[in-house]
Amino acid sequence: MPVVSIKDEHARPAVLLNPLEGDPTDADSHIGGPVLWPIDEPWPVCDGTTHDGAPGELPFVGAVQLYRRDFPELPFPDGTDVLQVFLCTVYHELPHAYGPDVRLVWRDSTTVVELIEEEPEPAVQEELYVPTVNVLEPIRYAEHPDKVSGGTKIGGWTAWWQSEPVEFRCTDCGAVQRQTLSLATHEPSGDDVEWVFGREGNLNVFTCPQDVRHPVTVHVD
Ligand SMILES: [Zn+2]
Ligand SMILES: [Zn+2]
């Protein structure tokens with residue numbers, strides 16, 4: 001019978017995305033590159049209700065794209081093989097964040113036949129939230145709560161930097177959410193994406209373990 005020590009129980013699998021400047025296509029995992037988006041599906045739009053300053057609706061901006069073949073650790077719903085992360089790149093007053101809002105799209109890439117010709121560009125953006133274009137060279141490891149990386153990663157633990165640890169619950173079903181993605185101002189490699197969250201901290205996305213399509217919590221620390 002396998003024996004699991006308390007310490008091992010606290011280790012969580014994590015993957016540092018390890019962005020590096022590059023020239024990805026919509027068929028690649030990346031940060032800041034082109035998104036695989038079908039021509040016949042409306043592009044995601046932020047309704048602007050939580051904007052601080054920016055007026056009205058704005059199109060989201062494709063920020064991160066992660067294919068299942070590269071990141072099988074992500075909780076892909078059945079029948080999906082790519083996670084697309086969008087940011088609305090202006091200031092929002094969210095319950096647990098002052099910064100960009102986030103939209104996740106879990107997609108089946110095999111159903112995308114014809115691509116959108118041009119991704120819509122918002123009329124206004126905060127330069128702070130616009131990423132440079134990067135390919136990813138992931139680094140896999142087990143993360144312990146007492147040794148938490150502050151880099152851009154999936155899985156692992158939250159790097160509570162300025163706020164005290166908080167437990168977030170799904171607003172649909174009440175389940176305790178888990179951090180799925182963290183976007184970092186500073187990468188361990190030193191090759192920063194050149195976006196800045198909070199006071200040079202992280203933008204963390206918490207998802208529902210029952211259903212990742214339930215509303216997410218955005219947390220900036
Ligand atoms: Zn917005
Ligand atoms: Zn839920």
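The structure presented is a predicted model; accordingly, all values stated were derived computationally and were not measured. Both counts, for ligands and for their atoms, begin at 1 and track the order of listing.
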Colleague: Verify the ring-centre separation between F168 and H219: is it less than 6.0 angstrom?
Modeller: yes
Colleague: Side chain to side chain contact (heavy atoms under 4.5 Å, CB included) between V85 and L83: does it pass, once the steps are laid out?
Modeller: CA-CA 6 Å; V85 182; L83 167 61; 4.0 Å; yes
Colleague: Which of the protein's N, O or S atoms come within less than 2.8 Å of the Zn ion (ligand 1), not counting waters?
Modeller: C46 SG, H51 NE2, C88 SG, H92 NE2
Colleague: Does V64 share a hydrophobic cluster with L203, counting links as ILVMFWY side-chain heavy atoms below 4.5 Å and allowing steps through other members?
Modeller: yes
Colleague: Should the pair R107 and W37 be classed as cation-pi, given the thresholds of under 6.0 Å to the six-membered ring centre and 45° from the axis?
Modeller: yes
Colleague: Would you say W160 has more than 12 foreign heavy atoms packed within less than 6.0 Å of its CH2?
Modeller: yes
Colleague: Taking 2.8 Å as the limit, list every protein N, O or S atom around the Zn ion (ligand 2), by chain and residue number.
Modeller: C170 SG, C173 SG, C208 SG, H214 ND1
Colleague: Counting distance only, does the side-chain N/O of Q177 pair as donor-acceptor with the main-chain N or O of P209 below 3.5 Å?
Modeller: no
Colleague: If you take the centroid of each ring, where Trp contributes its six-membered ring, are F71 and F76 closer together than 6.0 Å?
Modeller: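 Judged by ring-centre distance (under 6.0 Å), F76 and F71 do not meet the cut-off.
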Colleague: For R68, I'd like to know if atom CZ has over 12 heavy atoms of other residues, nucleotides or ligands within 6.0 Å.
Modeller: yes
Colleague: Between D221 (side chain) and N202 (backbone), is there a donor-acceptor pair under 3.5 Å?
Modeller: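 A pair under 3.5 Å: no.
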